[in-house]
Visitor: 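The structure follows.
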Amino acid sequence: MSDTISIVGLGAMGTALANALIEAGKVTTVWNRTPSRADTLVARGARRAETAQEAIGTSDVIVLCLTDYTAVEAALRDAGPVLAGKTIVNLTNGRPDEVRAIASRLGGYGTLYLDGGIMATPPMIGTPHAFILYSGSADAFEGAKEQLAAFGQNHYLGEDPVLAAVNDLALLSAMYGLFGGYLHATALAGSVGVTATQFLPLVEPWLAAMMTALPDYAERIDSGDHARDVRSNLAMQSVAITNIVAASRSQGIDPAFMEPMERLAQKRLAAGFANDEVSGIIEAMRAK
Ligand code: FVH
């Protein structure tokens, strides 16, 4: 097991991660580009590194939690001489191409690389509601998992470093779909004078009820069979989808959020799947 840990990047999330480590009694070194953001953590017992290179050189495990991969590159710029034998855990949101590039570059220094996706907001860190996806070096995960458990539940997905980032983006896609749908729905209801507070008791249980469709959709998606036991066929649903887009326009609401769904439903209909479940739209998404 690795004993010492550094947090590089003390924004809202990095600060929450560092606090969770201090809370768990871990020897924690911190570094941030704007040094004053480390002050409260240092007052709570964290060790201050003066440079990113020092934060990396000081610990066995180094957690990067930065805005993007440009910031990751900046933080690692001078670290070459201290990277050998270290475990880098990169919790910065990124794309698969970025993950592959950095995993390969760090491999060249003899560094163990673990990529991660944080499925939590800063206040959730250290609570049972937080979970963090990891992928990459199994040895790195085995060595660091006890320290990483201070953040929330560990989910190790496998050796391919992009697994965590792609699953993270997929889960965020589901979240933004939900939020976007909610915002569009609330704007549409608002166009006839319904306030968001009045609409909430309708939309909340409706979304909860619709979530129960997901296990059935998952089975259909994995089997490719969207035609069995159809309850709400695509032809019927596409009328509702087109009505949402048209009604949004006539009510003065931008239909931009729903238009892609209409386009995909029409594409699937044109391919001859009018009698299938709406889950079949995934096939239209897959075929570019
Ligand atoms: N906050 C959240 O709700 C989400 C939850 C899910 C996971 N995300 C990801 O976590 C990464 C960091 O997010 P954050 O919320 O901590 O972001 P900020 O508070 O904006 O802090 C950004 C830190 O990045 C540093 N930074 C930016 N550019 C550079 C650079 N070129 N060189 C070095 N450091 C850089 C910045 O430093 P400073 O501005 O204080 O000097 C902050 O430490 C992110 O990937 C989320 O997607 C959070």
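Both ligands and their constituent atoms are indexed starting at 1 by order of listing. All figures in this text were calculated on a predicted structure; none of them were measured in a lab.
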Visitor: Among protein heavy atoms, which lies nearest atom 19 (O) of ligand 1, and at what distance?
Guide: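 Result: A12 N, 2.9 Å.
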Visitor: Decide whether T92 and N90 meet the rule of one side-chain donor and one side-chain acceptor closer than 3.5 Å.
Guide: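 Checked: T92/N90 side chains pair up, N/O donor to acceptor below 3.5 Å.
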Visitor: If you measure every N/O of T92 against every N/O of ligand 1, is any gap under 3.5 Å?
Guide: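 In fact, backbone or side chain, T92 has no N or O that close.
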Visitor: Which atoms of ligand 1 have any heavy atom of T34 under 4.0 Å away?
Guide: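 So the atoms of ligand 1 that pass are 38 (P), 40 (O), 41 (O).
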Visitor: Please determine if K26 and E146 form a salt bridge, counting it only when a charged side-chain N lies under 4.0 Å from a carboxylate O.
Guide: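 Yes, charged N to carboxylate O under 4.0 Å.
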Visitor: Which of the listed options, G116, P122, G11, A52, holds the heavy atom that is closest to atom 3 (O) of ligand 1?
Guide: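 Selected option, by shortest heavy-atom distance: P122.
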Visitor: Using a 4.0 Å cut-off to any heavy atom of I118, which atoms of ligand 1 qualify?
Guide: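 Near I118, the atoms of ligand 1 are 6 (C), 7 (C).
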Visitor: Strictly distance-based, threshold 3.5 Å: is any side-chain N or O of K145 a donor or acceptor partner for the main-chain N or O of N154?
Guide: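 Here the side-chain-to-backbone pair does not exist.
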Visitor: Backbone or side chain, does any N or O of T70 fall under 3.5 Å from an N or O of ligand 1?
Guide: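 Such a contact does not occur with ligand 1.
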Visitor: Verify whether one side chain among H226 and E283 offers a donor that lies under 3.5 Å from an acceptor in the other.
Guide: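 There is such a pair (donor and acceptor under 3.5 Å, judged by atom type) between the side chains of H226 and E283.
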Visitor: Is R100 salt-bridged to D160, going by a charged N under 4.0 Å from an acidic O?
Guide: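 Yes, R100 and D160 are salt-bridged.
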Visitor: Which residue and non-hydrogen atom of the protein lie closest to atom 14 (P) of ligand 1, and at what distance in Å?
Guide: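 Of the protein heavy atoms, M13 N, 3.8 Å lies nearest.
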Visitor: Checking N32 side chain against L10 main chain: does a donor-acceptor pair fall under 3.5 Å?
Guide: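 Yes: the side chain of N32 pairs with the backbone of L10.
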Visitor: Using non-hydrogen atoms of the residue, decide whether C65 is closer than 4.0 angstrom to ligand 1.
Guide: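 Yes, C65 has a heavy atom closer than 4.0 Å to ligand 1.
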Visitor: Can you sort out which atoms of ligand 1 are near A120, meaning under 4.0 Å from one of its heavy atoms?
Guide: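 In order of number, 5 (C), 6 (C).
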Visitor: Under 4.0 Å from a heavy atom of G9: give me the atoms of ligand 1 that qualify, with their elements.
Guide: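 Counting from 1, the qualifying ligand atoms are 43 (O).
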Visitor: Going by the atom numbers of ligand 1, which of them fall below 4.0 Å from some non-hydrogen atom of N93?
Guide: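 Answer for ligand 1: 45 (O), 47 (O).
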Visitor: Around atom 44 (C) of ligand 1, find the nearest protein heavy atom and jot down its residue, atom name and distance.
Guide: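 Its nearest protein heavy-atom neighbour is L66 O, 3.2 Å.
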Visitor: Under 4.0 Å and counting heavy atoms only, is there anything from the protein next to atom 24 (O) of ligand 1?
Guide: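 Yes, there is a protein heavy atom closer to it than 4.0 Å.
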Visitor: Looking at atom 43 (O) of ligand 1, what's its closest protein heavy atom, distance included?
Guide: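 For atom 43 (O) of ligand 1, the nearest protein heavy atom is N32 OD1, 2.6 Å.
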Visitor: Is R37 touching ligand 1 with its side chain, its backbone, both, or neither, if touching means heavy atoms under 4.0 Å apart?
Guide: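 R37 to ligand 1: side-chain contact only, backbone stays beyond 4.0 Å.
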Visitor: So is there a nitrogen or oxygen of L10 less than 3.5 Å from a nitrogen or oxygen in ligand 1?
Guide: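 Yes, at least one N or O pair falls under 3.5 Å.
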Visitor: Judging by distance only, is a nitrogen or oxygen of T121 under 3.5 angstrom from one on ligand 1?
Guide: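 No, T121 has no N/O under 3.5 Å of an N/O on ligand 1.
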Visitor: Do E262 and V245 make a side-chain contact, defined as non-hydrogen atoms from C-beta onward lying under 4.5 Å apart?
Guide: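 Answer yes - side chains close enough.
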Visitor: Among all protein heavy atoms, pick out the one at the shortest distance from atom 31 (N) of ligand 1; state its residue, atom name and that distance to 0.1 Å.
Guide: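 Nearest neighbour among protein heavy atoms for atom 31 (N) of ligand 1, to 0.1 Å: R33 NH1, 3.4 Å.
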Visitor: Which residue and non-hydrogen atom of the protein lie closest to atom 27 (C) of ligand 1, and at what distance in Å?
Guide: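 The answer is T67 OG1, 3.1 Å.
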Visitor: Are L41 and I125 joined in one hydrophobic group, where the rule is that I, L, V, M, F, W and Y side chains link up if heavy atoms are under 4.5 Å apart?
Guide: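 In one cluster: yes.
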Visitor: Same cluster or not: are L21 and I56 linked, directly or through other Ile, Leu, Val, Met, Phe, Trp or Tyr residues, by side-chain heavy atoms under 4.5 angstrom apart?
Guide: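 L21 does not cluster with I56.
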Visitor: Is it the case that one hydrophobic cluster holds both L133 and Y113, taking links as side-chain heavy atoms less than 4.5 Å apart, direct or via other members?
Guide: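 The answer is no; the residues belong to distinct hydrophobic clusters.
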Visitor: Please tell me whether S135 and D115 have a donor and an acceptor in their side chains that are separated by less than 3.5 angstrom.
Guide: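 S135 vs D115: no donor-acceptor pair found between side chains.
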Visitor: Short check: is a protein heavy atom less than 4.0 Å from atom 1 (N) of ligand 1?
Guide: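 Within 4.0 Å: yes, protein heavy atom nearby.
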Visitor: Does the protein put any heavy atom within less than 4.0 Å of atom 8 (N) of ligand 1?
Guide: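 There is no protein heavy atom less than 4.0 Å from atom 8 (N) of ligand 1.
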Visitor: Which of these passes side chain to side chain contact (heavy atoms under 4.5 Å, CB included) with L163: D168, L157, V99?
Guide: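 Of all the options given, the one that passes is L157.
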Visitor: Are Y134 and Y156 an aromatic pair, judged by ring center distance below 6.0 Å?
Guide: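 Y156 vs Y134: aromatic centres not under 6.0 Å.
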